[in-house]
Amino acid sequence: MRASRLFFPTHKEDPAEAEAISHKLMIRAGLVRQLAAGLYVYLPLGLRVIARVNAIIRDEMNAIGAQELSMPVLQPAEIWQQSGRYGEIGAEMFRLRDRGGRDMVLGMTHEEIVTWLAAREIRSYRDLPQIWYQIQTKLRDEARPKSGVLRTREFIMKDSYSFDADEESLEKSYRLHIQAYNRIFERAGLKFYMVESDPGMMGGAVAHEFMAPSSAGEDEVALCPSCGYAANVELARSEPARPQFPAPGIKEIATPGARTIEEVSKFLTLTPDLLVKSLLVMTKQGPVLAMVRGDQDLLEAKLARIVGSNRLADPGEVKEITGAEAGFTGPLGLDIRMIADESLRDGVFVIGANRNGFHIGGVVPGRDFQVEFADIRQVREGEKCSHCNASLKLERCIEIGNIFKLGTKYSGPMGASYLDEQGSERPVIMGSYGIGPARVAAAAVEQLADGKGIVWPPAIAPFTVHLVLVQPADGRQAEMAEKLYLELAALGVEALLDDRAVSPGVKFAEAELLGCPVRVTIGKRAVAGGQVEAGLRRGGEEYKFEAGVAAAKIIDLIKNKC
RNA sequence: CGGGGCGUGGCGCAGCUUGGUAGCGCGCUUGCUUUGGGAGCAAGAGGUCGCCGGUUCAAAUCCGGCCGUCCCGACCA
């Protein structure tokens, strides 16, 4: 491709609306343009990157025996009613009517459609197992699109679905996906982890996410450097240090004006881990008292898994239910559901007295009041790993892929079943697996970019070689560059030839901004010395090659150093 | 959905407090010069100041409403 013909509008300055590095650079390098919140146009260079990511995905999906197909984005609402998700999912799903007044949706994912297909076409255990995939557009009316292409309302996803006769076979399909995903992300040049994740709305019991560490990510994962335990903080477990507890023995203590953990702890000269933080939350089944240690934070996602969706009670509700103002809430005397974090087990704590200006000390949860114990706290950096006792690290990550064991969540209600060897009808056991190609690209930008621009991993770079022809007007330079460009093409490497009549400074700066792995310079020095210069975008090493053998040498360089 | 910021030529911004005929840098066009690190000189083109309404002799500027977009939070198959 010649730069003189390539549409790649670049910007010198960061766009005002961008915060994330990938967002700034993908706009500056002319990869994407924003149409509206969460809607992006992919320009030629951006699309080339996505196409290369997709090619890797296809390659590795095909390698595990998956078969590509394509399913509609526009879907009848009826099918979502069958699975039950039409009612469960709220404003995040785009809903519309066709001209005949039929309710339709724009697909946010394709479990329903693929299960519909399986229900009709899979009949016998002989038809199993199957893995079907597509690379298709998804639409979600996101509450908050953000960070460029990292969270958008319309995006493409590689989604695959496995169909198996039993759990054991599902395990195989699941493992095959793990294998494929590891290869895909390695080939794409990313640093990533596979972590345990919350199955969430997908249903099913087991799920993992593939996470690319980056400060632009929206998720946080807990990692054990010693045993390899890795989990999304939404479900990560840990062993917090246990304080020295005082002797038990209930006694009321006046704590005038001390409401927050900090104030009470200061007033009583006790460390916060000797206090109980009692939070009144409102659920569909009524109020629930959630308790964590004073030094810890409640993780709402964990609580939600036990009590369903919930919100913090407002001050009026607290007063009505506990009889005291927020700040003095505690479990004693309340006749509502109570859930305490596991770290409150076997300890002696100070709790709120449900009486303004008072707390109660010497309380033993489970003995002095009835309570369910559960893990409802947020893991903190430095807490001990539950498996090996090493210190956990927390890291912010971009979710680039996920895998779920669905079981019969969809096949059951939608009637996807098969006849086994004994002739009895059984539901198909399913799995669902996603990858976001745009997130893979953006994560690569986030992880590798430097002050000058993007640094693409070779496998997903828009071009592997960026040929800078310094002075196109100089016939000898142009001839050398053309020759090398054609030689590279003959060897299977499509280069970007910068044949534009712009100043050298612009060419070099833009080459760095675009981030192709190898930059080859042909200017007056090349004409005078018969050598071309090749430089690596990553690391910056420079090489000189005799013009006659330059193409072969550049190929070697790509193979060995990229 | 709650909180906050921003909306002025293509891009990045100033001007708004204190109302009076819209400015800077980059980019773009033309010419000449230049040509290994975002060139120089000269001459140009390009703006309903997000939208609607109000106040005023007069509104980019003050007031009200709406819209868009970004950030934090909630949410997130």
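Please read these numbers as outputs of a predicted model, since none were measured by experiment. Quick note on labels: first sequence line is chain A, next is B, and so on, each numbered from 1.
Checked against ring pair (Phe, Tyr, Trp, His ring centres under 6.0 Å), A/Phe185 has the following partners two or more places apart in sequence or in another chain: A/Tyr181, A/Phe192, A/Phe210. For A/Thr152, there are no side-chain hydrogen bond (donor to acceptor under 3.5 Å, both in side chains) partners, not counting sequence neighbours. In this structure, A/Ser197 has no side-chain hydrogen bond (donor to acceptor under 3.5 Å, both in side chains) partners at least two apart in sequence or on a different chain. Scanning for side-chain hydrogen bond (donor to acceptor under 3.5 Å, both in side chains) contacts around A/Glu325 gives A/Arg259, A/Asn356, with sequence neighbours left out. Every residue two or more places apart in sequence or in another chain that forms a ring pair (Phe, Tyr, Trp, His ring centres under 6.0 Å) with A/Trp132 is listed here: A/Phe163. The ring pair (Phe, Tyr, Trp, His ring centres under 6.0 Å) test applied to A/His208 returns A/Tyr174, not counting sequence neighbours. Under the ring pair (Phe, Tyr, Trp, His ring centres under 6.0 Å) criterion, A/Tyr86 pairs with no residue at all, not counting sequence neighbours. Partners of A/Leu39 under the side chain to side chain contact (heavy atoms under 4.5 Å, CB included) rule, at least two apart in sequence or in another chain, are A/Leu35, A/Ala36, A/Arg153, A/Glu154.
In this structure, A/Leu312 atom CG and B/G2 atom C1' are separated by 14 Å, rounded to whole Å. Atom CD of A/Glu399 and atom P of B/C75 are 16 Å apart (whole Å). Look at CG on A/Asp198: it is 12 Å from P on B/C75, rounded to the nearest Å. The distance between atom CG of A/Asp14 and atom P of B/C6, rounded to the nearest whole Å, is 20 Å. In this structure, A/Met93 atom CE and B/C75 atom C1' are separated by 16 Å, rounded to whole Å. What separates CG of A/Leu25 from P of B/C11 is a distance of 19 Å, to the nearest Å. One can place CD of A/Glu13 at 7 Å from C1' of B/G25, the figure rounded to the nearest angstrom. When the P atom of B/C76 is taken as reference, atom CZ of A/Phe155 falls 15 Å away, rounded to whole Å.
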Could you write out each protein N or O paired with an N or O of nucleotides 35-38 of chain B at a distance under 3.5 Å?
residue: B/U35; atom: O2'; partner: A/Gln471; partner atom: OE1; Å: 2.8
residue: B/U35; atom: O2'; partner: A/Gln471; partner atom: NE2; Å: 2.9
residue: B/G36; atom: OP2; partner: A/Lys524; partner atom: NZ; Å: 2.7
residue: B/G36; atom: N7; partner: A/Lys524; partner atom: N; Å: 3.4
residue: B/G36; atom: O6; partner: A/Gly523; partner atom: N; Å: 3.3
residue: B/G36; atom: O6; partner: A/Arg525; partner atom: N; Å: 3.2
residue: B/G36; atom: O6; partner: A/Glu533; partner atom: OE2; Å: 3.4
residue: B/G36; atom: N1; partner: A/Glu533; partner atom: OE2; Å: 2.7
residue: B/G36; atom: N2; partner: A/Arg525; partner atom: NH2; Å: 3.0
residue: B/G36; atom: N2; partner: A/Glu533; partner atom: OE1; Å: 2.9
residue: B/G37; atom: O6; partner: A/Arg519; partner atom: NH1; Å: 3.3
residue: B/G37; atom: O6; partner: A/Arg519; partner atom: NH2; Å: 2.6
residue: B/G37; atom: N1; partner: A/Glu512; partner atom: OE1; Å: 3.4
residue: B/G37; atom: N1; partner: A/Glu512; partner atom: OE2; Å: 2.8
residue: B/G37; atom: N2; partner: A/Glu512; partner atom: OE1; Å: 2.1
residue: B/G37; atom: N2; partner: A/Glu512; partner atom: OE2; Å: 3.3
residue: B/G38; atom: O4'; partner: A/Gly505; partner atom: O; Å: 3.4
residue: B/G38; atom: O2'; partner: A/Lys12; partner atom: NZ; Å: 2.6
residue: B/G38; atom: O6; partner: A/Arg28; partner atom: NH2; Å: 3.3
residue: B/G38; atom: N2; partner: A/Glu510; partner atom: OE2; Å: 2.6

Below 3.5 Å is the cut-off: list the nitrogen or oxygen pairs between protein and nucleotides 66-71 of chain B, distance only.
residue: B/U69; atom: OP1; partner: A/Ala37; partner atom: N; Å: 2.8
residue: B/U69; atom: O3'; partner: A/Gln34; partner atom: NE2; Å: 3.4
residue: B/C70; atom: OP1; partner: A/Gln34; partner atom: NE2; Å: 2.8
residue: B/C71; atom: OP1; partner: A/Ser147; partner atom: N; Å: 3.4

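B/C32 and B/G40 make up a base pair, with Watson-Crick or G-U wobble contacts both under 3.5 Å. With both pairing distances under 3.5 Å, B/C62 is matched to B/G54 as a Watson-Crick or G-U wobble pair. Base pairing of B/G7: its partner is B/C67, meeting the Watson-Crick or G-U wobble criterion (both donor-acceptor distances under 3.5 Å). When Watson-Crick and G-U wobble pairs are counted only if both distances are under 3.5 Å, B/G2 pairs with B/C72. Nucleotide B/U21: unpaired (no Watson-Crick or G-U wobble partner with both distances less than 3.5 Å). Across all strands shown, B/G47 forms no Watson-Crick or G-U wobble pair with both key distances under 3.5 Å.
Separation of the C1' atoms belonging to B/G12 and B/G38 is 15 Å when rounded to the nearest angstrom. Atom P of B/C67 sits at a distance of 46 Å from the matching atom of B/G40, rounded to the whole Å. A distance of about 10 Å separates the C1' atoms of B/U30 and B/A45, rounded to the whole Å. Separation of the C1' atoms belonging to B/G19 and B/U56 is 9 Å when rounded to the nearest angstrom. On the P atoms, B/C66 is 27 Å away from B/C75, given to the nearest whole Å. Rounded to the nearest Å, the gap between the C1' atom of B/C41 and that of B/U34 is 11 Å. Separating the C1' atom of B/C26 from that of B/G9 is a span of 12 Å, rounded to the nearest Å. Comparing the C1' positions of B/C32 and B/C24 gives a spacing of 26 Å, expressed to the nearest Å.
For A/Asp159 and A/Lys138, the salt-bridge test passes: some basic side-chain N is under 4.0 Å from an acidic carboxylate O.
Listed by first then second residue, pairs satisfying side-chain hydrogen bond (donor to acceptor under 3.5 Å, both in side chains) with a partner in residues 505-518 of chain A read A/Thr10-A/Glu510, A/Arg500-A/Glu510, A/Glu512-A/Arg519, not counting sequence neighbours.
A residue-by-residue look at A/Pro15 and A/Gly434 shows that A/Pro15 has its nearest nucleotide of RNA chain B further toward the 5' end.
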TODO: Using a 4.0 Å heavy-atom cut-off, write out nucleotides 42-51 of chain B from 5' to 3' as B (base contacted by protein), S (sugar-phosphate only) or - (no contact).
DONE: ----------
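The closest side-chain heavy-atom distance from A/Val149 to A/Met26 is below 4.5 Å.
For A/Ser160 and A/Lys158, the side-chain atoms include at least one donor-acceptor pair closer than 3.5 Å. Side-chain contact, A/Asp164 with A/Ser173: a donor N or O sits under 3.5 Å from an acceptor N or O.
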